[in-house]
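Please read all numbers here as calculations on a predicted model, not as lab measurements. Numbering of residues begins at 1 and proceeds along the displayed sequence.
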Amino acid sequence: MEKVSESDRKAFDMLDAHLTADTRPSRFIAGSAFAPSLESPAFSALSRLKGTLQPPAHHPEGDAWSHTLLVVDEAAAVKEWSTSPRAFMWAALLHDIGKPGTTQIRRGKITSYGHDVLGARMAREFLSRFSMEKEPAEKIRALVRWHMQPLFVIKGLPFADIGQMKKETPVLDVALLSLCDRLGRLGADRAAEEDTIRRFLFCCGETPQRLPDNIFRSG
C-alpha cells in the first residue's frame with residue numbers, strides 16, 4: 001500500500017483530534033484548514049462523497065458529503081454513550097464511504113445497495129494507510145459494516161443478521177450510529193427516528209432499563 005506524505009499524516013492527525021474533541025467537527029472538516037487535504041489521493045475516500053447522489057425524498061440536504069457532515073455533528077453529541085468515542089466518531093465520518101462505489105439509478109430511483117459492505121472494506125484500507133492501531137480500526141470497520149442493520153432488522157429484510165453483528169460490535173454502538181445517521185438529514189423527525197431505534201434495540205434483546213435515560217432526547 002502506498003505510503004502517505006508527511007502533510008497527509010499531519011492532516012489525518014488533525015482530523016483525528018477534531019473528530020474526538022469538537023462539539024461540531026463539521027466546521028473543521030468542511031473548513032479551509034482541511035480543504036487542501038481533500039485534494040490528496042490519500043483522502044479520496046472522503047472527497048468522492050462530494051457529488052454522490054442521494055434520494056431527495058430521504059436526503060433533502062443533498063449529496064453524501066453534506067449528509068456526512070450532519071452525521072458527525074449528531075455523533076459528537078452522543079459519543080460519550082458509545083463504548084469507544086474515538087472509534088464511534090471515525091465510524092460516523094466513514095459510514096457512507098461505500099456510497100460512491102455503489103450508487104446507481106435503478107428504475108428511476110437512486111440506490112446504494114451494499115454500501116455498508118464495501119464501506120467496511122474501504123474503511124479498513126483507509127485507516128491502514130495511516131497506520132491506525134488495529135483495535136480502534138477494527139471497531140470502526142465493524143460499525144461501518146453494520147450501521148444499516150437497524151433498517152434491515154425493522155423492515156425484516158434478508159440482509160439483517162443480528163447474530164453476526166453482535167459478534168463484531170456492540171449493539172448500542174450500532175444503534176447510536178444509526179440514530180445519528182437517520183438524524184443527519186434536513187427535516188428529520190427525531191421522535192419517529194428514536195422510536196425506530198428503540199424497536200431495533202428491543203429486537204436485539206436490549207431493554208430500555210439497560211440504557212442511559214437521556215440517550216433519547218424526546219424520551
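Between the side chain of H147 and the backbone N or O of V174 there is no donor-acceptor pair closer than 3.5 Å. Formation of a donor-acceptor pair under 3.5 Å by the H115 side chain with backbone atoms of S112 is found in this model. In this structure, the side chain of R185 engages the main chain of H58 through a donor-acceptor pair within 3.5 Å. Checking side-chain atoms of S40 against main-chain N and O of P36 turns up no donor-acceptor pair under 3.5 Å. Looking only at distances, no side-chain donor or acceptor of D63 sits under 3.5 Å from a matching main-chain atom of K50. In this structure, the side chain of S44 engages the main chain of P41 through a donor-acceptor pair within 3.5 Å. Formation of a donor-acceptor pair under 3.5 Å by the T103 side chain with backbone atoms of K99 is found in this model.
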Test ring pair (Phe, Tyr, Trp, His ring centres under 6.0 Å) applied to F130 and F43, step by step: CA-CA 10 Å; F130 289 96; F43 290 96; 5.2 Å; yes
Intermediate values then yes/no, side chain to side chain donor-acceptor pair (under 3.5 Å), D96 and T68: CA-CA 7 Å; D96 274 351; T68 296; 5.0 Å; no
Candidate pair I140 and L127, rule side-chain contact (heavy atoms from CB on, under 4.5 Å), full reasoning: CA-CA 9 Å; I140 296 162; L127 298 170; 3.7 Å; yes
Step-by-step side-chain contact (heavy atoms from CB on, under 4.5 Å) determination, W65 to L38: CA-CA 12 Å; W65 178 248; L38 289 172; 3.9 Å; yes
CA sep, side-chain torsions, deciding dist, call: K139, E135, salt bridge (charged side-chain N to carboxylate O under 4.0 Å, His left out): CA-CA 6 Å; K139 289 180 179 179; E135 183 178 357; 3.5 Å; yes
Full working for side-chain contact (heavy atoms from CB on, under 4.5 Å) between Y113 and L118: CA-CA 10 Å; Y113 300 139; L118 175 60; over 6 Å; no
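The CE atom of M165 sits 6.0 Å away from the CD atom of Q149 when rounded to the nearest 0.5 Å. Atoms CZ and OG1, from R86 and T20 in turn, are 7.5 Å apart once rounded to the nearest 0.5 Å. The CG atom of L19 sits 8.5 Å away from atom NZ of K79, with the distance rounded to the nearest 0.5 Å. For the atom pair M132 CE and E138 CD, the distance stands at 12.5 Å (nearest 0.5 Å). Residue Q54 holds its CD atom at 8.5 Å from CG of L49, rounded to the nearest 0.5 Å. Between atom CG of residue L15 and atom CE of residue M89 there is a gap of 9.5 Å, rounded to the nearest 0.5 Å.
Between T83 and L172 there is no side-chain heavy-atom pair separated by less than 4.5 Å. Using a 4.5 Å cut-off on side-chain heavy atoms (C-beta onward), R199 and V153 make no contact. Two residues are said to be in side-chain contact when any heavy atoms from C-beta on lie closer than 4.5 Å; F152 and F200 fail this criterion. Between W81 and F88 the shortest side-chain heavy-atom distance does not fall below 4.5 Å. A 4.5 Å side-chain heavy-atom check between C204 and K166 finds at least one atom pair inside the cut-off. Using a 4.5 Å heavy-atom threshold, the side chains of R141 and E168 count as touching. For the pair L183/R190, a side-chain contact is recorded, criterion being any heavy-atom separation below 4.5 Å from C-beta on. Looking at W146 and Q164, their side chains come closer than 4.5 Å, going by heavy atoms from C-beta outward.
In terms of heavy atoms, I97 sits closest to A45 at CG2-O, 3.6 Å. Taking all atoms of both residues into account, the shortest heavy-atom contact from A76 to T23 is CB-O, 3.5 Å. The two residues L177 and A92 make their nearest non-hydrogen contact at CD1-CA, 3.7 Å. Looking at every heavy atom in both residues, S178 comes nearest to I197 through OG-CD1, 3.6 Å. The shortest non-hydrogen separation linking V144 to A120 is CG1-N, 3.6 Å.
Aromatic ring centroids of F12 and F34 lie 6.0 Å or more apart.
The pair R198-D195 fails the salt-bridge criterion, with no side-chain N (NZ, NE, NH1 or NH2) lying under 4.0 Å from an Asp/Glu carboxylate O.
Under a hydrophobic-cluster definition in which Ile, Leu, Val, Met, Phe, Trp and Tyr are linked whenever side-chain heavy atoms come within less than 4.5 Å, directly or via other members, V71 and M148 are assigned to different clusters. If you chain together hydrophobic residues whose side chains sit under 4.5 Å apart, F126 and V4 fall into the same group. At a threshold of 4.5 Å between side-chain heavy atoms, the hydrophobic network of Ile, Leu, Val, Met, Phe, Trp and Tyr places L176 and L70 in two separate groups. A continuous path of hydrophobic side-chain contacts links M14 to L94 [ILVMFWY only; heavy atoms under 4.5 Å]. Put simply, V171 and I162 are part of the same group of oily side chains (I, L, V, M, F, W, Y) that touch within less than 4.5 Å, one to the next.
No hydrogens or angles considered: nothing links the side chains of D173 and S82 as a donor-acceptor pair under 3.5 Å. Side-chain N/O atoms of H95 and D181 include a donor and acceptor closer than 3.5 Å. Side-chain contact check for T111 and R106: at least one donor-acceptor pair (N or O, by modelled atom type) lies under 3.5 Å. For S5 and D8, the side-chain atoms include at least one donor-acceptor pair closer than 3.5 Å.
Within 6.0 Å of CZ on R27 lie no more than 12 heavy atoms contributed by other residues, nucleotides or ligands.
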